Q: 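Before anything else, here's the structure in question.
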Amino acid sequence: MDKMSIGALQSINTNTPTAKTTPFEAQEDFKSYLKGALDNLSETQAQSNHATQSLMNGNLDNLHQVMITAEKASVTMQTTLEIRNKVVEAYQEIMRMQV
């Protein structure tokens with residue numbers, strides 16, 4: 001994990017169930033974590049695009065670094081999509097519950 005992800009996870013872990021967290025605070029924590037994760041995804045994709053463009057323009061000779069950057073972006077995207085799928089699945093399960 002990179003520093004941004006670890007920092008976002010640590011900020012969520014500071015609010016334990018024993019701490020009196022209001023629903024608004026929980027929403028804000030989740031919102032900031034989600035925004036940080038999406039910003040990280042966007043940054044990783046931009047780095048990959050920049051490295052690929054630099055290689056194509058002849059400004060970069062290290063193909064290995066370009067491939068590592070591209071694979072990191074791919075893994076980050078796949079992880080984000082899987083997390084999204086799990087969140088949607090959890091939401092659908094909650095909506096199916098009878099009250």
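Note that the structure is predicted; figures quoted are calculated from it, not measured. The first residue in the sequence is number 1, and the count goes up from there.
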Q: What pairs with Gln92 under side chain to side chain contact (heavy atoms under 4.5 Å, CB included), at least two apart in sequence or on another chain?
A: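 Gln92: side chain to side chain contact (heavy atoms under 4.5 Å, CB included) contacts with Val88, Arg96.
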
Q: Look only at the side chain of Thr80 and the backbone of Thr76, and say whether a donor-acceptor pair between them is shorter than 3.5 Å.
A: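 At least one qualifying donor-acceptor pair exists.
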
Q: When Ile, Leu, Val, Met, Phe, Trp and Tyr are grouped by side-chain heavy atoms lying under 4.5 Å apart, directly or through other members, which residues fall in the same group as Met95?
A: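 Taking Ile, Leu, Val, Met, Phe, Trp and Tyr as members, Met95 shares its hydrophobic cluster with Tyr91.
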
Q: Pairs in or reaching into residues 59-69: which pass side-chain hydrogen bond (donor to acceptor under 3.5 Å, both in side chains), with residues at least two apart or in two chains?
A: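 Qualifying pairs: none.
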
Q: Taking only residues two or more places apart in sequence, or in another chain, which ones meet Arg84 in a side chain to side chain donor-acceptor pair (under 3.5 Å)?
A: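 Checked Arg84 against side chain to side chain donor-acceptor pair (under 3.5 Å); zero matches.
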
Q: Mind listing the side-chain donor-acceptor pairs of residues 47-55 below 3.5 Å, one per line with the distance, residues two or more places apart or on another chain?
A:
unit_1: Gln47; atom_1: NE2; unit_2: Glu43; atom_2: OE2; d: 3.4
unit_1: Asn49; atom_1: ND2; unit_2: Gln45; atom_2: O; d: 3.4
unit_1: Thr52; atom_1: OG1; unit_2: Ser48; atom_2: O; d: 2.9
unit_1: Ser54; atom_1: OG; unit_2: His50; atom_2: O; d: 3.0

Q: Tracing side-chain links under 4.5 Å among I, L, V, M, F, W and Y, which residues wind up in one group with Met56?
A: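 Once heavy-atom contacts under 4.5 Å are chained together, Met56 still belongs with nothing else.
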
Q: If the condition is salt bridge (charged side-chain N to carboxylate O under 4.0 Å, His left out), which residues does Lys31 pass it with, not counting sequence neighbours?
A: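 Only Glu28 meet the salt bridge (charged side-chain N to carboxylate O under 4.0 Å, His left out) criterion with Lys31.
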
Q: Write down the atom of Glu25, the atom of Thr21, and the distance for their closest heavy-atom approach.
A: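 Here Glu25 and Thr21 meet closest at OE1-CA, 3.5 Å.
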
Q: Restricting to side chain to side chain donor-acceptor pair (under 3.5 Å), what partner residues turn up for Glu82, sequence neighbours left out?
A: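 Glu82 satisfies side chain to side chain donor-acceptor pair (under 3.5 Å) with no other residue.
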
Q: With hydrophobic residues grouped by side-chain heavy-atom distances under 4.5 Å, do Leu81 and Val75 end up in a single group?
A: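 Hydrophobic grouping puts Leu81 apart from Val75.
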
Q: Do Leu34 and Val87 belong to the same hydrophobic cluster, where Ile, Leu, Val, Met, Phe, Trp and Tyr are linked whenever their side-chain heavy atoms lie under 4.5 Å apart, directly or via other members?
A: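 As far as the 4.5 Å side-chain criterion goes, Val87 and Leu34 are not connected within one cluster.
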
Q: Suppose we screen for salt bridge (charged side-chain N to carboxylate O under 4.0 Å, His left out). Which residues come up paired with Glu89, at least two apart in sequence or across chains?
A: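 Partners of Glu89 under the salt bridge (charged side-chain N to carboxylate O under 4.0 Å, His left out) test: none.
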
Q: Go through the structure and list residues passing salt bridge (charged side-chain N to carboxylate O under 4.0 Å, His left out) with Glu71, not counting sequence neighbours.
A: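 So Glu71 forms no salt bridge (charged side-chain N to carboxylate O under 4.0 Å, His left out) with any residue.
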
